[in-house]
Undergrad: 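Below is a structure I'd like to ask you about.
Per chain, numbering begins at 1; letters A, B, ... match sequence-line order. Just so you know, these numbers use all the heavy atoms, side chains as well, and skip hydrogens, waters and symmetry mates. Quick caveat: nothing in here was measured; it's all calculated off a predicted structure.
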There are 2 protein chains.
Amino acid sequence: MANSASGDSVVDRVVRVIEAFPEGVTSLQLTELADRAGLPLSSAHRLVRQLSEHGLLDSGAGGTVRLGLRLWELVNRNSPTLALRQAAMPFMEDIQQVLNQNVNLAVLEGWEALFVERLSRRGSVANRARVAGRMPVHISSAGLALMSHQPREVQAEYLEQFQDPSGKVTAGVVRQLLADAAQQGYAQLAGVVDSDTWGIAVPVMNGKRRTVAALGVVVPLAEMRLQALVPALQTAARGIGRRLAE
Amino acid sequence: MANSASGDSVVDRVVRVIEAFPEGVTSLQLTELADRAGLPLSSAHRLVRQLSEHGLLDSGAGGTVRLGLRLWELVNRNSPTLALRQAAMPFMEDIQQVLNQNVNLAVLEGWEALFVERLSRRGSVANRARVAGRMPVHISSAGLALMSHQPREVQAEYLEQFQDPSGKVTAGVVRQLLADAAQQGYAQLAGVVDSDTWGIAVPVMNGKRRTVAALGVVVPLAEMRLQALVPALQTAARGIGRRLAE
DNA sequence: TGCCACCTTCCATTCAATGGTAGAACGTGT
DNA sequence: ACACGTTCTACCATTGAATGGAAGGTGGCA
């Protein structure tokens with residue numbers, strides 16, 4: 001019993017505390033937090049108090065802990081995706097207006113698509129993508145658009161480790177999906193995420209022709225107007241890319 | 001020279017590193033970061049490496065440091081404002097459609113209004129409020145709407161410490177603005193933030209009639225349609241409050 | 001009232017954190 | 001091509017900040 005019996009640094013612990021919140025949960029009891037972070041109660045208590053003093057956490061009465069508003073502020077002010085989102089926003093609004101559909105913007109994080117921005121259209125179909133939410137590469141058009149335009153070695157590594165938990169999809173099938181998407185310049189998935197929706201996405205390239213994001217829409221399965229959607233998305237994607245290059 | 005010559009804990013330092021990024025800046029050199037955080041270079045280097053390993057920071061080649069995408073993800077997934085924003089979004093979209101103007105949502109943080117969500121209207125007037133941006137209470141309609149509905153003692157404390165850096169506004173003037181806003185049930189400021197825009201905001205109350213947010217619009221100064229705007233905003237604010245109470 | 005679950009505080013022990021120093025890797029101007 | 005300044009990375013002896021068990025509160029519920 002001394003400086004960390006478990007052999008982890010203070011930084012490790014701070015990270016574990018922040019990571020302890022399950023997706024969508026904003027508030028946790030101290031005991032549960034300690035539990036989830038794998039910390040002794042008294043250590044968790046001390047850490048939470050320290051972080052709260054700085055506003056990274058917000059500990060209310062009775063030991064309830066939330067992420068601090070100050071942390072939210074700092075992260076969103078200096079977000080690594082700030083430039084991307086600012087460049088994309090006007091074009092996403094255009095798409096939303098012109099095509100009258102849900103629009104979303106994703107980046108590749110690990111082997112998943114991480115959605116960084118979304119404009120949803122009231123009355124349109126459900127859009128499963130939440131901002132700051134993730135979707136596996138092989139079951140999201142955004143994921144496929146992103147992966148299909150990654151360098152050869154990245155794709156190889158991805159396919160190498162690929163494994164579908166449900167066992168329905170094989171690496172071979174995904175390879176084909178990626179090949180199609182690469183060849184066509186866009187990715188589409190009909191009825192996969194939701195049985196009555198259709199997702200389509202195109203890559204967004206920066207000045208150096210590196211694919212940095214995917215721009216996509218989710219439309220009702222009935223309205224398959226590829227001819228109208230793809231050119232609009234590609235035009236917008238190019239516009240975003242140009243802004244990023246500036 | 002030992003465990004912290006400067007007498008601050010590891011947590012203090014982690015916070016200082018995250019806070020070191022100036023508003024809107026997403027990337028910093030290691031040396032500059034160390035400087036801003038007030039840390040010895042070698043300490044900053046070690047901390048950055050540790051935080052990067054966990055994805056809270058993202059250190060690119062050549063010592064450039066950014067906030068990590070993982071941190072952005074965690075904070076936005078479990079954001080303390082998540083419930084508020086989810087409740088407010090549909091109503092904000094309605095306002096945007098019906099009134100055809102910029103809409104924003106703010107909470108009180110310290111003695112400032114912190115904007116947590118915004119829908120901007122292309123072609124409409126400039127909207128100074130950035131998401132995760134701040135405005136002093138006395139020069140934003142959202143700030144006034146929030147403060148004017150705080151408990152008496154909070155308002156007293158605010159007015160007590162009030163001081164306008166430019167010296168143009170006195171505490172007395174602000175007291176009057178707050179009184180007006182409280183009496184009318186909405187706050188307005190014409191040509192203060194921008195000479196040709198007009199801001200108006202109403203309080204959003206939760207189930208316990210505590211004012212938790214302000215809902216506002218920014219419109220061209222020419223279009224002073226109070227009769228149309230205020231009821232629409234108040235209706236939306238009530239709708240948001242009802243959702244929050246659920 | 002007594003019980004239980006959870007929060008908060010205390011403090012002796014000890015190892016993780018510290019930061020000066022040295023040198024490697026750039027970049028830049030001559 | 002060379003020397004110089006700047007910035008990044010690595011090392012390691014020193015030591016006080018971090019640790020966590022135990023004891024004491026607090027509140028809710030039966």
Undergrad: Taking atom C1' of D:dT19 as reference, at what distance in whole Å does atom CZ of A:R49 sit?
TA: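 The answer, rounded to whole Å, is 13 Å.
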Undergrad: May I ask you to check whether B:S52 and B:S59 show a side-chain donor-acceptor distance below 3.5 Å?
TA: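 The answer is yes; a qualifying pair exists.
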Undergrad: Of the candidate nucleotides C:dG19, C:dT8, D:dG20, which contains the atom at the shortest distance from the side chain of A:H45?
TA: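 Among the listed nucleotides, the one closest to the side chain of A:H45 is C:dT8.
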Undergrad: Can you tell me how far P of D:dT19 sits from CG of A:L47, to the nearest Å?
TA: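 Whole-Å distance recorded here is 7 Å.
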Undergrad: Checking A:S9 against A:D12: is there a side-chain donor and acceptor pair closer than 3.5 Å?
TA: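 Side-chain D/A pair, A:D12 to A:S9: present.
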Undergrad: Can you tell me the distance, in whole Å, between the CG atom of B:D12 and the C1' atom of D:dG16?
TA: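 After rounding, the reported distance stands at 15 Å.
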Undergrad: Which whole-number value in Å describes the distance from A:D8 CG to D:dA18 C1'?
TA: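 Taking atom C1' of D:dA18 as the reference, CG of A:D8 is at 12 Å.
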Undergrad: Figure out the CG/C1' separation between A:L30 and D:dG25, and round it to whole Å.
TA: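 These atoms are roughly 15 Å apart.
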Undergrad: Taking any heavy-atom pair under 4.0 Å as a contact, classify B:R46: base, sugar-phosphate, or nothing.
TA: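 Counting heavy atoms under 4.0 Å across all strands, the contact made by B:R46 includes a base.
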Undergrad: Can you tell me the distance, in whole Å, between the CG atom of A:L39 and the P atom of D:dG21?
TA: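 So the CG-P distance, A:L39 to D:dG21, works out to 12 Å.
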Undergrad: Hey, is the side chain of B:R13 poking within less than 4.0 Å of OP1 or OP2 on D:dA18, counting only N and O atoms?
TA: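 So the side chain of B:R13 is outside the cut-off, no N or O lying under 4.0 Å from OP1 or OP2 of D:dA18.
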Undergrad: Give the rounded distance in Å between these two atoms: CG of A:L33 and C1' of C:dA5.
TA: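 Whole-Å distance recorded here is 17 Å.
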Undergrad: Would you tell me if any nitrogen or oxygen in the side chain of A:S43 comes within less than 4.0 Å of OP1 or OP2 on D:dT19?
TA: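 For D:dT19, neither OP1 nor OP2 has a side-chain N or O of A:S43 closer than 4.0 Å.
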Undergrad: Can you confirm whether more than 12 heavy atoms, excluding those of A:R85, are under 6.0 Å from its CZ atom?
TA: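 Count over threshold, so yes.
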Undergrad: What integer distance in Å separates B:Q50:CD from D:dT9:C1'?
TA: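 Nearest whole value for this atom pair: 15 Å.
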Undergrad: Pick the closest DNA chain C nucleotide for A:L41 and for A:V11 by heavy atoms, then say which residue is nearer the 5' end.
TA: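 Here A:L41 is the residue nearer the 5' end.
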Undergrad: Hey, is A:R16 close enough to A:D8 for a salt bridge, meaning N to O under 4.0 Å?
TA: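 Answer for the salt bridge query: yes.
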